[in-house]
Amino acid sequence: MIIPQTPLMVVLLVILAPLFGALLCGIDRRITARAQGRIGPPILQAVYDTIKLLRKEPMLLNRVQIVYAYLHLAFMILAMLLLVFGQDSLMFLFVFAFSTLSLVLGGMCVRSPYSRIGSQREIMLMVAYEPILILLMIGFYLVNGHSFMLSAPMTAAKPMLLSLPLLFIGFLVVLAIKMQKSPFDIATSHHAHQEIVKGLTIEYSGPYLAILEIAHFYEMALLFFFIVLFWSSPVWVGIILASLSFFLMTVVDNAFARLTSMWIFKFMWTGALILAVTNVLWLYWASK
Amino acid sequence: MQIQEALIALLVLGPLVFGLLMLTGVKGVLRNALVAVAGVTTIGAGVALPFYSGAIAPDVGLPTLITTLGNWIEPMVILTVLVIGFSIRSWPVRIMALIQLGLCVAGLLMSRHEPVEETKLVVDSLAMIMVLIVSVIGSLIALYAIGYMNGHEHHAPATAASNNRFFFVLISFLGLMNGLVLVDNMKWLSIFWEGTTLCSFFLIGHDGTPEAKASARRAITINVFGGLAMSVGVFLAAHNAESESLSVVMSKGPVVLLPIALLAIATMTKSAQMPFQSWLLGAMVAPTPVSALLHSSTMVKAGSYLILRMSPGLEGTPLAAVVAIAGAFTFALTSALAIGQSNGKKVLAYSTIANLGLISCCAAIGTPLAYAAGITILIFHAISKALLFLCVGTIEQSIGSRDIEDMGGLLFKMPLTTNIAIVGMISMMMPPFGMLIGKWMAIESAVHFPIVLILLVLGSALTIFFWAKWLGRITTTSYHEKYTIESISPWMRTVLAVIGIGVVVASICALPIYEQVIRPISLLTFSEQASNANISILDSVSAFLGWPMIIVIGAIIMALATGTLLFKPSRLRLPYLCGENVDSDETTYTFRSIADAPSTAMLTSYYLPLFGESRITTWANPLAALIILSLLGVLFI
């Protein structure tokens, strides 16, 4: 599975990826609703919501917020393109991290306690999951004949999942954090039912909130694509794997209560990290 | 060649002469002018040097007089240390200085009958980079100091030494540093090395308060220990390898393992690697230009520079793995320590130590990619960190606090300094700035050392934490109709602006700098590995660097456009506080609470006790000491 790096492809991806992401969110909401005995909104509800937000009057606390919203979106698109075009994996991670960081800074630049708490927690989450992601890239490197390019796992004959099972488990936790799923939705959540209200994004509204939503759709598409990397040939197995993982996230979301940020940090730096390190060391040992 | 030699003389001796002029007691405008002239000439000479050196200008021989002179200056420098040892009543310093003196005399007696070896200068690309850092950034900081010290004089304690002595030491230091960088002879190297230790002692103790004295004492104790390690190393190297030339010794292989190990320990003390970090943290009591000059961008870089020079000698020895682990350990642990600090200068200090650890780790890994990573970090860290220290100093002088939690709303109060500080912080962590490229290459090059790799991965995740926290605090602002113009000394304002622009320009040029300067050095130093697969990664660095910059610029333009076009003050709102806002100019945190009583929300950032200083250092320092001891241990395996 190699995606040609043409201008047309860039345009297609930039247009289609958020729609796909919105679709994933719609399906997620539908499944959750069914699990709770409701009918749920239409599959495209996320798209309708975003369009409505875009047409609202902008209201803000200061001008800097706007810059961060755009930076968040721009870096998210860049990260997605880096991933899809199989570029250097660590550079992808840095760009991806900076996108999240822009979101955090956008939450911190206003004098709003809820927004600031949410931002602090988001940083904590970033520190918690970043090592797992870097180790995952190291795992790709070791399996794919010492190449840091993300195109390597795309073309590998043997599925990554078989060589990196423990790292995949670690990645699933990261996925839950990135998808803002309970028990990891401490910084902000889709339901605004936590003690810091909407947390990180509380001071964004109207078109600027829409920008954050669109960035989130890109992020969903990016994560989906990333899971496909674990089983890229044949690619339909990867797509099933990714769909199952997303379904799992929905189940987890509905099955768990929230946790504290410190707990998540400790869990990630012990449990998940041990899994990841074990997997990496075992690859070193295997390659010797 | 004539011009090149004149420039080198100007770089090394010029600052010393200007420094001595300070001691004549010039005052006021004349002194400022003298410092300015010294700064500008050093910058000029530093910038001109690369143009008057050949493409490969390896060694420049010096007259034998210099070597003879070195034999006499060395005991004098050590005697100065001994005198200080007596005046501060420190037994460790006295004993170490005495041992050094003994070694020095023994060396002289033993070498009497041998033909005198020529003292050489090394003027290659790496040396010129370092000279540029020292002379340009160092001089700019000296210019900044003109403005800063005038302000400092007013609220400095009565015990503070005179500003003339301060400038004497500060400016002479630039000459000593340039000498240290350019000289190949190890005897001269240790003279300059001790010289920077002495400068550091005087500058840290400048204010004369008990705290300053204690910090100065700690600094000299630890650095003299490093100096001692170096003296023993040099003595043994002269004995085993029969040469005092660093480059010759580094090519001798196994016979000089012990001297190399001792020199490596010396570099660790100078660049404040764990467990020697305490002197650098104590140094924060000194006036800001001192922390910016000595402790972030230049003096501590002497250690990093030397370890980079030693990289070919370390390669393939059992020492390399230990040095790499020690560096990576320092990187991870000091990044963690930085999280627990709310003192801005301490955060900067820990981040400096972490990056120095990363450089020595890269030097020890010893592949072209790692070496390139080390040099990249050396360059970009020096610029960014000097800027950040100066910004924090300016902020501190203005708001009277260096606590990060007090820095909210600065964007309105001090727009220039704060914006420059933001640029500095972003340049430490964001693509496409040089630091990130360096870190990226470092991680990719550590991939074959699992322990080092895991430490680097953890450390770089922790780095995000404290930068994001600080950046978030400093950018916090409410909306203001008008912009303010802050009043700071024109010297300070100009220097801040120049270095700020420098940071941005350097990062735009990161790729050309990498292609034209860093990559060739790396390939030349590790020419035997040049056909290796490592090179391909070295090439792929260039792949995507243009992208992020374009997107950032695009996003900012777009945001500014939409922001100013669509955004009207009437659309401003107060933050959501779970109650009716109380509108006031001072704070937007106040809201109507129970029974309509105004209540104010308070919020500080996370400073996790998990990363407290005492909690981590109690186990990390002994562990780091063990790693360093094993540096000597591996020699006996």
Side-chain angles (χ1 to χ4, degrees), chain A residues 57-64 66-67 69-71 73-75 77-78 81-82 87-88 90-91 94-95 97-98 101 104-105 107-117 119-120 123-124 126-128 130-131 134-135 138 141-142 146 148-149 197 202-203 205 262 269 273 277 280-281 284, chain B residues 408-409 411 429-431 436 439-440 443-444 447 450 453-454 457-458 460-462 464-465 468-469 471-473 475-479 533 537 540 543-544 547-548 551-552 554-556 558-560 562-564 566-567 571-578 587-589 601-603 605-606 608 610:
Chain A
E57 184 192 15
M59 280 185 229
L60 283 166
L61 270 64
N62 65 35
R63 285 197 180 116
V64 196
I66 313 173
V67 181
Y70 279 113
L71 279 179
L73 178 64
F75 275 90
I77 297 176
L78 179 63
L81 293 178
L82 286 176
Q87 294 299 316
D88 187 282
L90 288 182
M91 203 23 124
F94 290 139
V95 172
F98 193 75
L101 202 58
V104 167
L105 291 176
M108 279 185 95
C109 75
V110 288
R111 295 172 69 92
S112 158
Y114 296 103
S115 172
R116 295 187 66 90
I117 299 175
S119 301
Q120 297 275 328
I123 306 176
M124 184 78 111
M126 277 180 84
V127 177
E130 207 63 25
I134 302 180
L135 286 172
I138 306 291
Y141 173 88
L142 292 170
H146 296 185
F148 270 110
M149 297 310 253
V197 205
I202 186 171
E203 300 301 347
S205 62
M262 223 32 217
W269 276 55
L273 196 64
V277 169
V280 166
L281 289 180
Y284 273 114
Chain B
L411 209 49
M429 56 193 283
M430 194 190 112
L436 188 89
K439 209 171 278 176
W440 172 30
I443 293 178
E444 294 205 351
V447 81
L453 177 76
I454 289 164
V457 167
L458 296 181
S460 60
L462 292 168
I464 305 173
F465 202 140
K469 236 172 23 176
L471 203 48
R473 173 56 73 181
T475 52
T476 302
T477 174
S478 350
Y479 177 80
I537 308 178
S540 78
F544 252 85
W547 282 50
I551 292 212
V552 171
I556 290 174
M558 218 163 113
L560 289 180
T562 51
T564 40
L566 301 177
F567 192 67
R571 287 174 175 162
L572 281 174
R573 295 297 180 271
L574 289 168
Y576 172 78
L577 288 172
C578 214
T587 170
T588 51
Y589 278 145
M602 278 297 295
L603 196 72
S605 306
Y606 280 152
L608 308 174
L610 189 66

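Below, chains carry the letters A, B, ... as their sequence lines are ordered, and counting in each starts from 1.
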Per-residue contact mode, [X] against chain B (heavy atom under 4.5 angstrom):
{"X": "Val64(A)", "answer": "side chain"}
{"X": "Leu73(A)", "answer": "neither"}
{"X": "Glu203(A)", "answer": "side chain"}

Which one, Pro450(B), Ser460(B), Ala468(B), leads in non-hydrogen pairs under 4.5 Å with chain A?
-> Pro450(B)
Among Ile464(B), Val447(B), Ile443(B), which has the most heavy-atom pairs under 4.5 Å with chain A?
-> Val447(B)
Distance-minimising heavy-atom pair for Thr476(B) and Met108(A) | OG1-O, 2.9 Å
If you take all heavy atoms of Leu436(B) and Met91(A), which pair is closest and at what distance?
-> CD2-CE, 4.2 Å
State the [atom1]-[atom2] distance between [X] and [Y], to the nearest 0.5 angstrom.
{"X": "Lys469(B)", "Y": "Ile123(A)", "atom1": "NZ", "atom2": "CD1", "answer": "8.0 Å"}
{"X": "Trp269(A)", "Y": "Leu610(B)", "atom1": "CH2", "atom2": "CG", "answer": "9.5 Å"}
{"X": "Tyr141(A)", "Y": "Glu444(B)", "atom1": "OH", "atom2": "CD", "answer": "8.0 Å"}
{"X": "Leu135(A)", "Y": "Ile454(B)", "atom1": "CG", "atom2": "CD1", "answer": "6.0 Å"}

Which bit of Leu458(B) is near chain A, if near means a heavy-atom gap under 4.5 Å: side chain, backbone, both or neither?
-> both
Interface residue of largest heavy-atom contact number with chain B, from Glu130(A), Arg116(A), Glu57(A), Met126(A), under 4.5 Å | Arg116(A)
Which one of Val104(A), Leu105(A), Val277(A), Leu90(A) has the most heavy-atom pairs closer than 4.5 Å to chain B?
-> Leu90(A)
